[in-house]
Amino acid sequence: MSKPIYIYNTLSRKKELFQPINPPFVGLYVCGPTVYGDGHLGHARPAITFDVLFRLLKHYDFKVRYVRNITDVGHLEHDADEGEDKIAKKARLEQLEPMEVVQFYTERYHKNMEDLNVLSPSIEPRASGHIIEQLKMIDQIMDNGFAYESNGSIYFDVEAYNKKHHYGKLSGRNIDDLLNTTRQLDGQEEKRNSFDFALWKKANPEHIMRWPSKYSDGFPGWHMECSAMSTKYLGQEFDIHGGGMDLQFPHHECEIAQSTAAHGSESVKYWMHNNMITINGQKMGKSLGNFITLNEFFEGSHKLLDQAYNPMTVRFFILQAHYRSTVDFSNEALQAAEKGLSRLLSAYETLQKIKPSEQSDVDVKTLNNKCYEAINDDLNTPIVIAHLFEGVKMINTLSDGKAQINTDDLAILQSTFKTFIFEILGLKAPENDIQNDLTDQLMRILIDARQEAKDKKDWATADAIRDKLSALGVQLKDGKNGVEWSI
RNA sequence: GGUCUCGUGGCCGAGUGGCUAGGCAGCGGUCUGCAAAACCGUGUACAGCGGUUCGAAUCCGCUCGAGACCUCCA
């Protein structure tokens with residue numbers, strides 16, 4: 001199954017037909033987290049968006065190498081810390097080794113991703129493990145005359161670069177705008193121009209994370225890692241680079257400049273950017289202090305949360321919006337997503353029980369096509385979900401015996417649901433680990449006891465059992481095919 | 001200040017020149033001893049004002065409002 005995929009390329013600001021540089025291989029690079037704190041809802045968005053892309057490409061049998069980095073060094077802070085490394089700062093605060101912090105938060109990030117059913121990337125390189133590659137790339141940029149040394153630090157010469165290439169092409173800026181709008185920052189006096197950015201930074205004596213180099217004892221600039229690691233694992237030219245919209249400028253703009261300056265040609269064919277998650281209409285972000293961590297979502301432990309939300313609810317919530325739109329958080333919206341997902345999944349279970357007939361009066365082929373059309377149209381997951389709900393209606397009608405379906409169509413319907421819900425959207429049925437065999441058998445005893453009471457029309461006893469279970473958070477559902485229970 | 005995006009029914013959220021996504025809530029119903037759950041049915045909304053057009057939520061202009069980037073950020 002291979003159909004044309006269209007993706008929105010930030011470079012051209014248009015949807016473009018996706019054509020890999022070297023089919024069937026696809027190189028995909030996505031900016032991963034800086035591991036100095038717990039992941040929040042904002043981290044879930046790109047992870048899930050590009051997870052869906054990864055899954056879709058694999059579904060179409062592309063050979064995908066998906067690289068998502070872990071930033072464990074290099075992002076400077078510009079507050080009172082005078083360029084102290086983020087990781088180093090956190091380490092000092094907690095009296096830990098920097099790599100201890102990195103280890104701790106990396107593992108928590110991985111756990112979050114697993115909970116969200118986000119597939120592991122093919123390679124998850126760390127910035128700290130690629131200092132040599134970064135230094136090599138800095139050498140190339142220096143050799144090509146697009147960088148200069150100043151007091152042991154190396155800066156990218158934006159002006160020199162802009163004479164031959166367009167600095168700002170991704171974010172729609174030009175160098176004149178930047179001259180007027182760039183703020184005074186630390187280390188400015190070392191730069192020729194305010195918009196120049198660091199490739200290598202000489203470390204202050206108290207700076208913990210540092211590596212020796214011919215320039216100085218220091219650490220790489222904040223954009224180098226992605227350029228160096230994408231080149232190493234995907235080559236000088238690769239297909240797709242993704243990340244949050246907030247990284248468009250300056251991070252991705254600098255990446256383009258660095259790669260072009262080092263290799264003489266552009267590195268990325270398609271740039272994709274997911275939009276932000278907002279909370280009360282405002283961006284949710286680390287610096288704004290209004291973020292909710294994923295762990296808090298899963299535990300319901302944040303004051304803005306009415307309840308705990310299953311990771312699949314969060315995933316479904318995010319997929320119900322298109323990745324290039326902002327999505328506004330609210331308990332109401334999350335609860336709506338929770339119910340919608342559960343309806344979708346229970347229809348999937350119903351689908352497994354449907355028996356085929358001789359003839360078919362449902363159009364499953366169109367449904368299947370519409371799902372593919374939607375996902376191929378720049379990952380339009382909300383439309384896919386809308387179509388799946390049409391399928392839900394279809395399934396329930398069949399289940400009620402109000403329509404018929406033949407063997408072939410049933411197979412198509414089942415495969416459509418399976419493919420889209422689980423394989424491409426990456427949803428999964430929530431696990432009930434409490435619902436093991438023993439518990440189920442104990443529950444059966446109670447359910448049977450209640451049934452006996454009901455048979456005797458002893459409603460008081462029957463209701464008492466139901467109410468007491470309900471108080472423990474166990475719901476009984478009287479269905480046509482017997483009594484089901486859930487927590 | 002510069003660059004840019006957006007404003008859709010009670011809530012969330014697609015669409016983007018005519019054929020009025022979808023989910024949740026609400027309402028009506030089916031089922032049930034009752035309830036819950038489940039299922040079915042049900043809503044012509046597109047910030048305001050002008051313009052283009054046979055026809056605009058969709059294109060253009062203005063007004064109002066919200067937000068993003070320009071600084072670490074997903």
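Since this is a predicted model, take the numbers as computed values, not measurements. So that the names make sense, note that chain A is the first sequence line, chain B the second, and so on, each numbered from 1.
Comparing the same atom, C1', in B:C24 and in B:G9 gives a spacing of 13 Å after rounding to whole Å. Atom name C1', nucleotides B:C46 and B:U8: the rounded distance is 4 Å, in whole Å. For the P atoms, the distance from B:U30 to B:A36 is 14 Å, rounded to whole Å. Here the separation of B:G10 from B:U32, taken at their C1' atoms, is 30 Å to the nearest Å. Here, B:A56 and B:A47 have their C1' atoms 15 Å apart, quoted to the whole Å. Straight-line distance between the C1' atoms of B:G55 and B:C69: roughly 38 Å, to the nearest whole Å. On the P atoms, B:U5 is 24 Å away from B:C73, given to the nearest whole Å. Between B:G65 and B:U44, the two C1' atoms lie 26 Å apart (nearest whole Å).
The ring of A:Phe417 has its center no closer than 6.0 angstrom to the ring center of A:Phe422. In this structure, the ring of A:His322 has its center no less than 6.0 angstrom from the ring center of A:Tyr8.
Atom CD1 in A:Ile279 sits about 14 Å away from atom P in B:G67, given to the nearest Å. In this structure, A:Leu170 places its CG atom 18 Å from P of B:U3, rounding to the nearest Å. Counting to the nearest Å, the C1' atom of B:A36 and the CD1 atom of A:Ile465 are 16 Å from each other. What separates NZ of A:Lys454 from P of B:A36 is a distance of 14 Å, to the nearest Å. The NZ-C1' distance, from A:Lys339 to B:C11, rounds to 12 Å in whole Å. Taking atom CD1 on A:Ile277 and atom C1' on B:C12, their separation rounds to 13 Å, with Å as the unit. Taking atom CD on A:Glu332 and atom P on B:G13, their separation rounds to 11 Å, with Å as the unit. Atom NZ of A:Lys169 is separated from atom P of B:C69 by 23 Å (rounded to the nearest Å).
Listed candidates were B:C12, B:A21, B:C40. Nearest to the side chain of A:Asn396 is B:C40. With B:A14, B:C73, B:C24 as the choices, the nucleotide that has an atom nearest any side-chain atom of A:Asp246 turns out to be B:C73. Looking at the side chain of A:Arg466, the nearest of the listed nucleotides B:G23, B:A35, B:G13 is B:A35. For A:Ala321, whose side chain is taken as the heavy atoms from C-beta onward, the closest listed nucleotide among B:C70, B:A14, B:G33 is B:A14. In this structure, of B:G23, B:G33, B:C70, it is B:G23 that holds the atom nearest to the side chain of A:Arg343. With B:G23, B:C11, B:A21 as the candidates, the nucleotide lying closest to the side chain of A:Ala386 is B:A21.
Across all strands shown, A:Ser470 has no heavy atoms under 4.0 Å from either base or sugar-phosphate atoms. Residue-level contact check: A:His322 touches the backbone only, with heavy atoms under 4.0 Å from sugar-phosphate atoms and none from bases. A:Lys393 comes within 4.0 angstrom of the backbone, heavy atoms only, and of no base. Residue A:Leu41 is classed as having no contact, given no heavy-atom separation below 4.0 Å to the nucleic acid. Residue A:Asn174 is classed as having no contact, given no heavy-atom separation below 4.0 Å to the nucleic acid. As judged by a 4.0 angstrom heavy-atom cut-off over every strand, A:Thr326 is placed among residues touching the sugar-phosphate backbone only. Looking at heavy-atom distances under 4.0 Å, A:Gln248 makes no contact with the nucleic acid at all. Among the heavy atoms of the strands lying under 4.0 Å from A:Lys283 is at least one base atom, whether or not backbone atoms are also near. Note on A:Leu334: nothing from the nucleic acid sits closer than 4.0 angstrom, heavy atoms only. Within the 4.0 angstrom heavy-atom criterion, only backbone atoms of the sugar-phosphate kind lie near A:Gly244; the bases stay farther away. Note on A:Met245: nothing from the nucleic acid sits closer than 4.0 angstrom, heavy atoms only.
Mapping A:Ala347 and A:Gly340 onto RNA chain B via the closest heavy atom, the residue that lands nearer the 5' end is A:Gly340. The nearest heavy atom of RNA chain B to A:Arg450 and to A:Val327 marks one nucleotide each, and the one closer to the 5' end goes with A:Val327.
The shortest distance between the side-chain N/O atoms of A:Arg173 and the OP1/OP2 oxygens of B:C70 is not below 4.0 Å. Within the structure, every side-chain polar atom (N or O) of A:Asn331 is placed at least 4.0 Å from both OP1 and OP2 of B:C12. Taking only side-chain nitrogens and oxygens, A:Ser325 comes nearer than 4.0 Å to OP1 or OP2 of B:A14.
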TODO: Start with the C-alpha gap between A:Asn275 and A:Val327, add the side-chain angles, then the distance that decides, and say whether side-chain contact (heavy atoms from CB on, under 4.5 Å) holds.
DONE: CA-CA 8 Å; A:Asn275 214 319; A:Val327 54; over 6 Å; no
TODO: Go through A:Leu116 and A:Phe298 one step at a time and tell me if the side-chain contact (heavy atoms from CB on, under 4.5 Å) criterion holds.
DONE: CA-CA 10 Å; A:Leu116 288 167; A:Phe298 304 157; 4.0 Å; yes
TODO: Kindly determine whether A:Phe329 and A:Phe297 satisfy side-chain contact (heavy atoms from CB on, under 4.5 Å), including the steps that lead there.
DONE: CA-CA 12 Å; A:Phe329 156 85; A:Phe297 262 100; 3.7 Å; yes
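A 3.5 Å limit on both hydrogen-bonding distances identifies no Watson-Crick or G-U partner for B:A45. With a cut-off of 3.5 Å on both pairing distances, the Watson-Crick or G-U wobble partner of B:G1 is B:C70. In this structure, B:A35 forms no base pair with any nucleotide, since neither Watson-Crick nor G-U wobble geometry is met with both distances under 3.5 Å. B:G17 is unpaired under the Watson-Crick or G-U wobble criterion, no partner having all donor-acceptor distances under 3.5 Å.
Interface remark: the A:Asp463 side chain does form a donor-acceptor pair with the B:G33 base, using a distance-only criterion of under 3.5 Å.
Nearest heavy-atom pair, A:His273 versus A:Gly244, reported as atom, atom and distance to 0.1 Å: CD2-O, 3.4 Å. Taking both residues in full, the closest heavy atoms of A:Met312 and A:Leu427 are given as SD-CA, 3.8 Å, listed atom of the first, atom of the second, then distance.
Stacking here means ring centres nearer than 5.5 Å and ring planes tilted less than 30 degrees, and by that measure A:Trp459 stacks onto B:G33.
With hydrogens and angles disregarded, no donor-acceptor distance shorter than 3.5 Å links the side chain of A:Asn9 to the backbone of A:Lys14.
Between A:Trp271 and A:His252, the ring planes lie tilted relative to each other; the angle falls in the 30° to 60° range.
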